[in-house]
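Before any comments, here is the structure.
Remember, it's 1-based here, ligands and their atoms both numbered in the order they're listed.
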Amino acid sequence: MVTRVRRARVEDAGIVAAVAAETFEMACPPGTTPASIAAFIAEHLAESRFAAHLADAERVVLLADVNGEIAGYTMIVGGEPADPMVSRAVVNRPTVELSKCYVRANFHGHGVAAALMAASLSAAAELGASSVWLGVNQQNARAIRFYEKSGFRRRGVKHFFVGEELQDDFVLERELAPNE
Ligand SMILES: CC(C)(COP(=O)(O)OP(=O)(O)OC[C@H]1O[C@@H](n2cnc3c(N)ncnc32)[C@H](O)[C@@H]1OP(=O)(O)O)[C@@H](O)C(=O)NCCC(=O)NCCS
């Protein structure tokens, strides 16, 4: 599967929001209620939110394009982690967050995620980061395996709200080599 990764532009906000709404549920543990998932999508994954993210110099959104179809996306967020649990867990500075990493289900297992990850790590290095951190639900075994394959290591835990449900994440971190 030939994957082309490119930086999203402001005019991509609609397609990124659509892919985000389609894929978010896969990252949630079983038992997350449809109401909580819908609330999260409405509040955090709306087109207007992505339009703002795409105009924000602290963020980079990358799209994976497979034969003209958007197969997935990532978002990097610069700056010191705001959550004290993350701040304590992450070892290296400066660090950036891999805040979103989502691939549509029919593209799983085809190297699309690896291409997105490679481009995301390069983008993080270009921002001057010496590490990338992320939060992943503790029950999301597939994503955890993917991140471990990608060089991330477990550093701690944090909490994450989906709607009104408080969920448990692992905090993972990957160091970036100076020439990465
Ligand atoms: C996370 C994600 C981007 C990874 O992409 P992918 O194409 O699935 O990744 P890969 O297939 O390269 O790697 C997944 C690994 O998990 C393994 N795996 C699959 N299901 C698993 C499970 N239930 N338990 C443990 N490992 C599992 C796969 O075998 C593979 O490992 P391997 O290469 O050693 O065989 C993608 O699965 C995704 O978008 N998931 C839904 C959204 C999500 O959870 N995003 C992360 C939010 S933090």
Side-chain angles (χ1 to χ4, degrees), residues 1-8 12 15-34 36-41 43-45 49-50 53 59-67 69-77 81-83 85-86 89-90 95-124 129 131-163 165-174:
M1 205 170 265
V2 179
T3 307
R4 198 173 64 90
V5 179
R6 69 169 173 89
R7 226 176 140 138
D12 293 311
I15 184 68
V16 185
V19 173
E22 176 188 320
T23 53
F24 174 68
E25 183 173 358
M26 289 188 285
C28 298
T32 310
T33 66
S36 293
I37 291 168
F40 187 93
I41 291 170
E43 187 180 349
H44 298 287
L45 304 177
R49 292 301 291 260
F50 280 105
H53 293 334
R59 294 172 194 251
V60 177
V61 179
L62 296 172
L63 299 180
D65 178 314
V66 178
N67 296 328
E69 207 180 335
I70 300 304
Y73 77 106
T74 58
M75 182 166 80
I76 290 172
V77 183
D83 179 340
M85 290 181 83
V86 175
V90 172
T95 190
V96 295
E97 178 183 9
L98 182 62
S99 150
K100 303 190 190 302
C101 179
Y102 288 84
V103 169
R104 295 166 71 199
N106 49 327
F107 295 98
H108 289 181
H110 292 287
V112 171
L116 267 174
M117 178 60 77
S120 303
L121 296 175
S122 296
S131 82
V132 178
W133 71 271
L134 61 87
V136 58
N137 187 275
Q138 292 180 12
Q139 295 180 59
N140 192 347
R142 180 170 197 134
I144 292 168
R145 169 78 190 125
F146 170 71
Y147 293 135
E148 285 176 347
K149 276 196 309 183
S150 306
F152 284 81
R153 295 291 167 261
R154 198 180 295 178
R155 298 285 200 223
V157 297
K158 73 175 185 67
H159 304 299
F160 185 74
F161 268 104
V162 177
E165 296 179 45
L166 188 61
Q167 302 186 338
D168 294 315
D169 281 3
F170 289 126
V171 175
L172 310 185
E173 182 181 16
R174 185 198 191 280

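- Judged by distance alone, the side chains of Thr32 and Glu25 never bring a donor and an acceptor atom under 3.5 Å apart.
- Checking Asp169 against His159 by side-chain atom types alone, no donor-acceptor pair falls below 3.5 Å.
- Ring planes of Phe40 and His44: tilted class, angle from 30 to 60°.
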Kindly indicate, with the supporting measurements, whether the criterion ring pair (Phe, Tyr, Trp, His ring centres under 6.0 Å) is fulfilled by His53 and Phe50.
CA-CA 5 Å; His53 293 334; Phe50 280 105; 5.7 Å; yes
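- Summarising the local packing, CZ of Arg4 is surrounded by 12 or fewer heavy atoms from other residues, nucleotides or ligands at distances under 6.0 Å.
- Contact residues for ligand 1 (protein heavy atom closer than 4.0 angstrom to any ligand atom): Met26, Ala27, Cys101, Tyr102, Val103, His108, Gly109, Ala113, Gly135, Val136, Asn140, Ala141, Arg142, Ala143, Arg145, Phe146, Tyr147, Lys149.
- Using a 4.5 Å heavy-atom threshold, the side chains of Arg153 and Glu173 count as separate.
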